[in-house]
2 protein chains.
Amino acid sequence: MATRSRPAPSTALDDATASQLAQLFSALSDPSRVRILWALSSGERNVGDLAQRVGMTESAVSHQLRQLRQLRLARARKAGREVFYALDDEHVMELFQRGLEHVRHR
Amino acid sequence: MATRSRPAPSTALDDATASQLAQLFSALSDPSRVRILWALSSGERNVGDLAQRVGMTESAVSHQLRQLRQLRLARARKAGREVFYALDDEHVMELFQRGLEHVRHR
DNA sequence: TGAACGTATGAACAGATATTCATGTATTGT
DNA sequence: ACAATACATGAATATCTGTTCATACGTTCA
């Protein structure tokens, strides 16, 4: 059996990249946003729907969604007077899965 | 080609788990901690060494290391008057890799 | 056109967080 | 025993962050 190799960062991490990484994880560092993103994992949702699911006011949800949009974690699609939000890519859920492994594995 | 399936959370996310997830990501949401953890990825380091590498005071590093210890992201090994820190498991670097994919992929 | 609806936005406030500074504790060397 | 070293800790402070509240904007319906 081969030795289990590390993920191997191999290279140095410059300040800018460290900040970008931190910013990304920062978007996932709040329970409300985690629940919003999780709710989006099952498909598009509009703001009111999200607000109801996560138990927040629409305003609070809207504020958080803006942040998620800016970090390209969620994207918006306008339809009439509603705005449907969706995950922008699969990375978020992958991060959640990894995170859950750590949390559950204590 | 088969349809690319989602990571599929499948189940609901209770508040406690959402908070735990958020707490984990919160530990990775600061540039200083990111750099500390990254420095640890190449092996054990003592506090002074870390402080020098990331350009922080030993006190500041020590404060952050406590947090990382409490969240089981880093562990300490005392040797004489030095304390060597190391990553507590591989999950962190896996999360960093995924995070970098997102950051670099825009 | 006017009212109702869905969402966004800005200001304000409360709570969280990172760093600094001063000090404390344990260990080593003389 | 004393001084120096390595690290930890608590308090204080400045900054950041999430929510609320009031309000504004765009859309639909009557």
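Just so it is clear: chains get the letters A, B, ... in the order the sequence lines come, proteins before strands, and each one is counted from 1.
Side-chain contact between B:L28 and B:V92 is present, with at least one heavy-atom pair separated by less than 4.5 Å. At a threshold of 4.5 Å between non-hydrogen side-chain atoms, the residues A:L73 and B:H102 count as touching. Using a 4.5 Å heavy-atom cutoff, the side chains of A:L24 and A:L95 are in contact. Inter-residue side-chain proximity for A:L100 and B:L21 is flagged as met; some heavy-atom pair is nearer than 4.5 Å. Between B:R98 and A:H91 the shortest side-chain heavy-atom distance does not fall below 4.5 Å. Between B:L13 and A:F96 the shortest side-chain heavy-atom distance does not fall below 4.5 Å. Between A:L71 and A:L68, every side-chain heavy-atom pair lies at or beyond the 4.5 Å cut-off.
Listed by first then second residue, pairs satisfying side chain to side chain donor-acceptor pair (under 3.5 Å) with a partner in residues 51-62 of chain A read A:D49-A:R53, not counting sequence neighbours.
What separates CD of A:Q67 from C1' of D:dG18 is a distance of 9 Å, to the nearest Å. Between the CD atom of B:Q70 and the C1' atom of D:dA8 there is a distance of 12 Å, given to the nearest Å.
Only one option out of B:R33, B:R35, B:R69 pairs with B:Q64 in a side-chain hydrogen bond (donor to acceptor under 3.5 Å, both in side chains); it is B:R33. Checked against A:F84 for a side chain to side chain contact (heavy atoms under 4.5 Å, CB included), the options A:N46, A:L40, A:V47 give a single hit: A:N46.
B:D30 and A:A22 make their closest contact through C-CB, 3.6 Å (heavy atoms, listed as atom of the first residue, atom of the second, distance). Contact between A:S29 and B:S26 at its shortest, heavy atoms only, is CB-CA, 3.5 Å. The minimum heavy-atom distance between A:R45 and A:S42, with the atom names listed, is NH2-OG, 3.1 Å.
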Mark up nucleotides 24-30 of chain D, 5' to 3', with B wherever a protein heavy atom is under 4.0 angstrom from a base atom, S wherever such an atom reaches only the sugar-phosphate, and - elsewhere. --SBB--
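At a non-hydrogen distance threshold of 4.0 Å, B:D30, B:S32, B:R33 from residues 23-33 of chain B come into contact with DNA chain C.
Separation of atoms OG (A:S32) and CG (A:L50) is listed at 12.0 Å; rounding is to 0.5 Å.
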Please list each protein N or O that sits under 3.5 Å from an N or O in nucleotides 9-14 of chain D, with the distance.
{"from": "D:dT9", "atom 1": "O4", "to": "B:S59", "atom 2": "OG", "distance (Å)": "2.7"}
{"from": "D:dG10", "atom 1": "O6", "to": "B:H63", "atom 2": "NE2", "distance (Å)": "2.8"}

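From the 5' end on, the contacts that DNA chain C makes with chain B at under 4.0 Å to a non-hydrogen atom open and close at C:dA18 to C:dT28.
Toward the 5′ end of DNA chain D lies the nearest nucleotide of B:G48, the other residue of the pair A:Q64 and B:G48 mapping further downstream.
Between its opening and closing five pairs, the helix from C:dT1-D:dA30 to C:dT30-D:dA1 changes axis direction by 20°, a value rounded to 10 degrees.
Under a 4.0 Å N-O distance rule, the pair A:D88/A:R72 does not qualify as a salt bridge.
B:F84 comes within 4.0 angstrom of no nucleic acid atom, judged by non-hydrogen atoms across all strands.
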